[in-house]
Amino acid sequence: MQYWLMKSEPDVFSIDHLAKLPGKTGSWEGVRNYQARNHLQAMKKGDLALFYHSSADIIGVAGIVTIAGEAEPDTFALDKKSIYHDPKATREKNPWVFVRVKYQKKFKEVVTLATLRQTAGLEDMLVLKKGMRLSIQPVTEKEFKIIEKMGSK
DNA sequence: GCCAACGTTGGC
DNA sequence: GCCAACGTTGGC
């Protein structure tokens with residue numbers, strides 16, 4: 001059982017969007033960075049992830065999702081019309097994957113980036129590090145629980 | 001293999 | 001809109 005942080009721009013895909021999908025389950029596609037891809041591949045069904053809103057009016061953790069299944073090939077990479085198209089990907093050699101995520105809970109208030117920075121115990125969080133722009137990050141159980149608690153108040 | 005140029009991310 | 005930081009590309 002591992003814990004993760006997944007970034008999304010809420011204008012594109014927010015936790016509210018996810019909650020409205022059939023089965024409250026959506027696919028997290030379009031990751032085109034190898035390190036982030038490796039994290040997707042390491043995910044197991046039942047893992048929990050913080051849903052992080054980036055480049056938004058209110059930046060921070062908006063809620064929690066469950067990983068609903070293991071990584072599968074991201075075929076948007078093969079679709080020339082998709083914004084996620086990768087000209088180097090072929091059906092035989094497609095490096096990209098997606099995972100299905102299920103809505104778990106939305107925080108009453110977003111736990112903002114500014115709050116995270118001020119919270120004891122989160123000093124080592126990757127998302128707080130300067131220049132860190134990895135869209136899928138591991139978080140520790142301790143970090144996850146601290147943030148879950150703050151979001152549940 | 002080096003590294004400059006370029007494109008993207010993401011907070012401010 | 002700005003710009004620092006980072007990842008990728010491509011010429012050599």
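Quick note on labels: first sequence line is chain A, next is B, and so on, each numbered from 1. Source: prediction; values computed, not measured.
- For C:dA5, one of the phosphate oxygens OP1 or OP2 lies less than 4.0 angstrom from a side-chain nitrogen or oxygen of A:K130.
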Quiz prompt | side chain to side chain donor-acceptor pair (under 3.5 Å) evaluation trace for A:S82 with A:H85 | solution = CA-CA 5 Å; A:S82 171; A:H85 179 241; over 6 Å; no
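- Each of A:M125, A:E123, A:E148 was evaluated against A:E143; a single residue qualifies, A:M125, per the side-chain contact (heavy atoms from CB on, under 4.5 Å) test.
- Across all strands, A:K88 comes closer than 4.0 Å only to sugar-phosphate atoms, never to a base (heavy-atom distances).
- Residues A:V31 and A:R37 approach most closely at CG1-N, 3.8 Å, considering heavy atoms.
- A:L50 places a side-chain heavy atom less than 4.5 Å from the side chain of A:F144.
- Linking ILVMFWY residues whenever their side-chain heavy atoms come closer than 4.5 Å, directly or via other members, places A:I67 and A:V97 in the same cluster.
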Practice problem: Quick one, give me the B/S/- string for nucleotides 6-12 of chain B, reading 5' to 3', where B means a protein heavy atom under 4.0 Å from the base and S means that only happens at the primed atoms, P, OP1 or OP2. | Solution: -BBBBSS
